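Below: one structure, written as structure tokens.
Throughout, protein chains are lettered first and strands after them, A, B, ... in sequence-line order, and every chain is numbered starting at 1. Note that this is a predicted model, so its numbers are computed, not measured. The figures here come from the full heavy-atom set of this structure, side chains too, leaving out hydrogens, waters and symmetry mates.
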2 protein chains.
Amino acid sequence: MLAEVFREHGFEGASLTVISSRTGLGKGSLYHFFPGGKAEMAACVLDGIEAWFETRMFRPLREDPDAAASLRAMLAVTDAYFRSGQRICLVGAFALGAVRDTFAQRIDAYFAAWRDAVAAALVRAGVAEALALDLAEETVTAIQGALVTASALQDPALFGRTLGRIATRLEAALAGC
Amino acid sequence: MLAEVFREHGFEGASLTVISSRTGLGKGSLYHFFPGGKAEMAACVLDGIEAWFETRMFRPLREDPDAAASLRAMLAVTDAYFRSGQRICLVGAFALGAVRDTFAQRIDAYFAAWRDAVAAALVRAGVAEALALDLAEETVTAIQGALVTASALQDPALFGRTLGRIATRLEAALAGC
DNA sequence: CAGGCTCTGTACCGATCGGTACAGAGCCTG
DNA sequence: CAGGCTCTGTACCGATCGGTACAGAGCCTG
């Protein structure tokens with residue numbers, strides 16, 4: 001809920017009035033749970049996102065015995081999480097905004113973790129390390145780009161097409177071992 | 001100058017106080033030139049960006065007799081414009097923010113023009129239309145994604161690597177004709 | 001059932017927001 | 001050099017910003 005408010009309005013645009021009305025919590029309650037104010041609310045949302053991705057995507061990519069299957073699952077989970085391109089990536093939006101500096105370290109860590117988890121899965125599936133790193137970077141970059149352009153062009157289908165291209169490329173690398 | 005303020009602070013974050021101090025124009029002057037206020041200032045910035053890209057990138061892609069060369073030039077111009085990944089795309093940032101709805105049509109038109117210009121150049125260079133559209137969409141998406149992840153990871157070199165991947169893929173399509 | 005602890009609504013704070021009004025400085029034209 | 005037009009600085013507007021203070025409702029524990 002809190003996450004959706006930041007997603008829809010951005011950090012600056014999500015005023016306490018908006019947050020209060022959307023969450024149904026008065027200011028008293030908000031400041032009781034988040035003494036640090038808006039910044040702590042956003043930090044809490046980032047905590048949730050990081051935990052979700054760590055559990056549902058990064059850890060399987062790093063640990064699933066079937067590395068190739070975990071890569072396919074990653075694309076499916078990505079498609080579901082971003083509602084096939086109808087939902088933006090809050091961390092990505094923060095990265096392009098004025099709050100980037102406030103959360104610089106966490107934003108950096110999120111994308112690095114994603115990229116490294118994909119690379120680790122590729123390596124475990126037998127792909128050479130240099131190629132794995134290259135493909136992982138391209139994967140994360142393409143997903144973020146698709147979220148920007150799908151939103152800009154109001155064309156959610158673009159997201160699916162991008163995931164399709166990534167899938168083809170990952171499969172080719174896996175088959176080429 | 002005005003463009004840089006919006007780039008650094010976002011639309012919501014660029015308050016009149018910030019705009020005034022950064023441009024050296026008092027409120028009186030700002031409202032003399034932009035009676036429509038902040039929204040008109042942002043619209044003016046978008047005008048400038050659109051005109052710049054139309055002249056320096058989209059038109060050459062559509063009209064340059066040497067279509068293949070115009071595609072290579074597009075990547076070089078892109079690298080220069082975004083300062084090799086150290087500068088973000090204001091239109092992309094707007095697309096992920098709360099102002100997206102205010103400028104929806106222009107944001108849409110900007111990305112559509114870019115994609116269609118790349119596709120047109122590819123077709124004129126002899127690439128089949130379906131493949132050209134696919135490659136054009138991937139190109140624009142990858143560039144936007146690279147701007148997000150380069151900013152997030154504070155790794156400008158990522159931008160150059162992404163442009164390199166795009167170049168390889170475009171050259172392959174051109175060679176395959 | 002008394003005490004205290006968690007939670008909440010309300011009233012309020014100074015600061016800043018985007019925007020307006022307007023006098024006048026400066027310059028350009030007749 | 002008079003008139004008017006462009007531009008600018010300043011003072012001010014109501015609204016909203018993020019945040020604080022605090023009384024008290026409600027509940028849980030001894």
Ser15(A) side chain near dT16(D) phosphate (N/O to OP1/OP2, under 4.0 Å): no
side-chain N/O Ser29(A) vs dC7(C) OP1/OP2, d < 4.0 Å: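 It does not, given that no N or O in the side chain of Ser29(A) lies less than 4.0 Å from OP1 or OP2 of dC7(C).
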dA15(D) pairs with, by Watson-Crick or G-U criteria that keep both distances under 3.5 Å: dT16(C)
Partner nucleotide of dG26(D) by Watson-Crick or wobble geometry (both distances under 3.5 Å): dC5(C)
Sugar-phosphate, base or nothing in reach of Ala14(B), heavy atoms under 4.0 Å: sugar-phosphate
Shortest side-chain distance from [X], nucleotide among [options]:
X        : options                  : result
Lys38(B) : dG18(C), dT8(C), dG18(D) : dG18(C)
Lys27(B) : dG19(D), dG19(C), dG9(D) : dG19(C)
His32(A) : dC7(D), dC7(C), dG19(D)  : dC7(C)
Tyr31(A) : dG18(C), dT20(D), dT8(D) : dT20(D)

Test ring pair (Phe, Tyr, Trp, His ring centres under 6.0 Å) applied to Tyr110(B) and Trp52(B), Phe103(B), Phe53(B), the passing residue: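 One option only clears the test, and that one is Phe53(B).
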Whole-Å gap separating [atom2] ([N]) and [atom1] ([X]):
X        : N       : atom1 : atom2 : answer
Leu16(A) : dG9(C)  : CG    : P     : 15 Å
Phe33(A) : dG19(D) : CZ    : C1'   : 18 Å
Leu25(B) : dT6(D)  : CG    : P     : 17 Å
Leu30(A) : dT8(C)  : CG    : P     : 9 Å

Closest-nucleotide 5' rank along DNA chain D - winner of Gly28(B) and Pro35(A):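 Counting from the 5' end, the first nearest nucleotide belongs to Gly28(B).
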Geometric cation-pi criterion Arg100(B) and Phe94(B), 6.0 Å radius, 45° cone: no
For Glu4(A), the option from Arg22(A), Arg87(A), His9(A) that meets side-chain hydrogen bond (donor to acceptor under 3.5 Å, both in side chains): Arg87(A)
Salt bridge (Lys or Arg N to Asp or Glu O under 4.0 Å) assessment of Arg59(A) paired with Asp64(A): CA-CA 8 Å; Arg59(A) 192 174 307 153; Asp64(A) 190 319; over 6 Å; no
Parallel, tilted or perpendicular, as decided by the 30° and 60° cut-offs, for the rings of Phe159(B) and Phe82(B): perpendicular
